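What follows is a single structure, written as structure tokens, with notes after it.
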Amino acid sequence: MSLVEQMDTVTDAAAGTVDRHATTQTFESTNPASGAVVGVFPVHDTGAVTETVERARPAAARWAELGFDGRRERLAAYRGYLARRMNELADLVHRENGKPHADAILEITLAVEHLAWAGSHARKALGSRRVRTGLLAANHAAYLEYQPLGVVGVIGPWNYPVFTPMGSIAYALAAGNAVVFKPSEHTPAVGAWLAAAWRAAVPDCADAFQVVTGFGETGAALCRAGVGKLAFTGSAPTGRKVMAACAETLTPVLMELGGKDAMIVDDDADVVAAADAAVWGAMSNAGQTCIGIERVYATSAVYDRFVAEVTAQVRKLRPGSDDEATYGPMTMASQGDIVRRHVSDAAASGRVVRGEADPALFPNENYLAPAVLLDVPDSSPAICEETFGPTLSITRVRDAEEALERANATSYGLAGSVFTRSKARGLDLARRMRSGMTSVNSVLTFASVPALPFGGVGESGFGRIHGEDGLKEFTRAKAITRQKYALPVNLMSFGRPASATDAVARVMGMIHGRHR
Ligand code: NDP
């Protein structure tokens with residue numbers, strides 16, 4: 001497809017969504033591999049964002065009225081549309097984000113799976129149910145249900161421009177909300193494509209999912225636009241700004257932030273499998289993965305073998321934008337500077353093994369050689385700060401307990417991995433790892449299990465997407481009681497006799513008083 005045709009695709013994708021607003025300012029998104037313009041998008045100002053959210057409100061009401069079955073059908077139509085056009089979307093992701101086409105396919109596959117799960121499990125997770133009333137309200141029926149919040153604002157990053165926002169969008173829609181999505185300024189074409197696909201697949205509720213584009217100010221305007229919740233995925237510093245803006249209107253927030261995820265390689269681990277997983281977890285997507293492995297703690301018993309295996313594998317990696325490249329460029333040029341700083345600091349204090357591909361042959365400076373950082377000090381930025389590049393630090397530790405202690409010694413707490421052949425040890429270490437998600441004998445697997453919640457602790461944020469928790473995240477719990485029949489004595493009435501509370505006290509003494 002020629003660039004002109006590609007541009008047309010993007011313009012078509014945006015038609016009827018972002019282009020409807022009158023706006024004077026525009027910005028370009030560019031291909032990080034070539035610098036070519038991928039698309040031109042409006043900078044939506046506060047007025048345009050407010051207008052979009054206001055248009056979403058009646059759509060939210062209609063969408064909620066469809067009920068679980070109506071929404072499931074339409075979410076199925078949407079995922080069918082995405083699945084049929086997977087190659088077209090993957091091509092756009094490749095051009096705008098830079099990742100290999102095959103990785104884009106994998107990312108879209110995950111998003112489609114989550115859409116399927118969210119649509120088909122919403123009723124079970126959120127539908128009205130009777131709950132036991134207990135003694136004090138024995139003459140009542142009690143109902144619990146999870147109601148939608150109205151319009152949910154979603155702000156997303158550029159590194160997984162389909163999968164990451166869809167973790168909020170799919171679950172918010174399945175829960176009965178409309179969504180206004182602000183994609184990263186680096187991937188607006190993908191965001192616009194997703195919204196245009198929705199309009200095409202779900203024409204009778206087209207405004208239930210809309211996109212606004214622009215920079216940080218557009219995101220800030222969405223925070224202040226009176227949405228029922230703001231689901232943010234991005235860095236911790238921006239997350240703080242989003243929380244501050246949302247605090248003005250007491251808008252609740254979901255924070256999916258960065259990480260510094262660790263892998264523990266225990267004495268009895270399958271070292272070859274652990275190395276393979278570590279290299280993929282660290283280097284795929286050029287390391288621009290929030291749940292990517294950035295640190296490995298390997299016990300003395302396996303350290304040498306593990307390092308040899310990792311470095312052998314890393315030497316074969318080659319960044320590029322051709323079909324054989326193992327990973328693409330840094331999507332955001334400025335991130336490359338951070339990665340280079342972390343690697344050069346590590347080189348000054350430890351040892352660095354780089355891939356064998358000649359950087360002089362890389363298409364431009366956005367492509368970074370993979371780097372394995374050996375035994376760098378704990379104070380090094382490569383250990384303390386999120387690197388978000390194709391690097392992996394490996395540190396020798398005495399045993400798995402020391403590994404766990406050092407893995408947990410970070411302000412982040414997103415995810416992690418443990419390699420051991422012992423099921424009991426693996427689960428024990430996973431439970432004690434200070435993170436929202438841990439995979440044993442693999443990396444990142446939890447993200448592909450739609451029933452499992454996704455989210456972090458500490459600087460990695462709070463709240464959950466995916467799974468039942470992810471559906472509930474976009475609802476408010478509603479409690480209802482219905483009196484079935486009146487009791488002769490009503491304790492919550494000024495007309496109750498004094499003897500009634502004495503009787504209650506005696507009964508409570510009999511039931512609960514025996515517990516010491
Ligand atoms: P940023 O925090 O820079 O940006 C995230 C989003 O926030 C972008 O859409 C950005 O818009 C927008 N934004 C910027 N300023 C404001 C503001 N003042 N108010 C509202 N919105 C604003 O993150 P990146 O896009 O660089 O993404 C990388 C980060 O995301 C990493 O830290 C990574 O770990 C994290 N991440 C976390 C995930 C998780 O699930 N926990 C998943 C994926 C990534 P614009 O781009 O236009 O500036």
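All values reported here derive from a predicted model rather than from experimental measurement. Counting convention: from 1, in listed order, for ligands and their atoms alike.
Among residue pairs with one or both ends in residues 178-192, none qualify as side chain to side chain donor-acceptor pair (under 3.5 Å); sequence neighbours excluded.
For F388 and W158, the ring centers are positioned less than 6.0 Å apart.
Protein residues are said to neighbour a ligand when one of their heavy atoms lies under 4.0 Å from it; for ligand 1 these are I155, G156, P157, W158, N159, T164, K182, P183, S184, E185, G214, F215, G216, G219, A220, F232, T233, G234, S235, T238, K241, V242, E256, L257, G258, C290, E386, F388, L414, F454.
How far CH2 of W280 is from CD1 of I293: 13.0 Å, rounded to the nearest 0.5 Å.
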* Asked: Please walk me through it: do R295 and Y297 pass side-chain contact (heavy atoms from CB on, under 4.5 Å)?
  -> CA-CA 7 Å; R295 301 172 292 151; Y297 295 100; 3.2 Å; yes

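Using a 3.5 Å distance cut-off with no hydrogens or angles, the side chains of S284 and Y327 do not pair a donor with an acceptor.
For K99 and E107, the salt-bridge test passes: some basic side-chain N is under 4.0 Å from an acidic carboxylate O.
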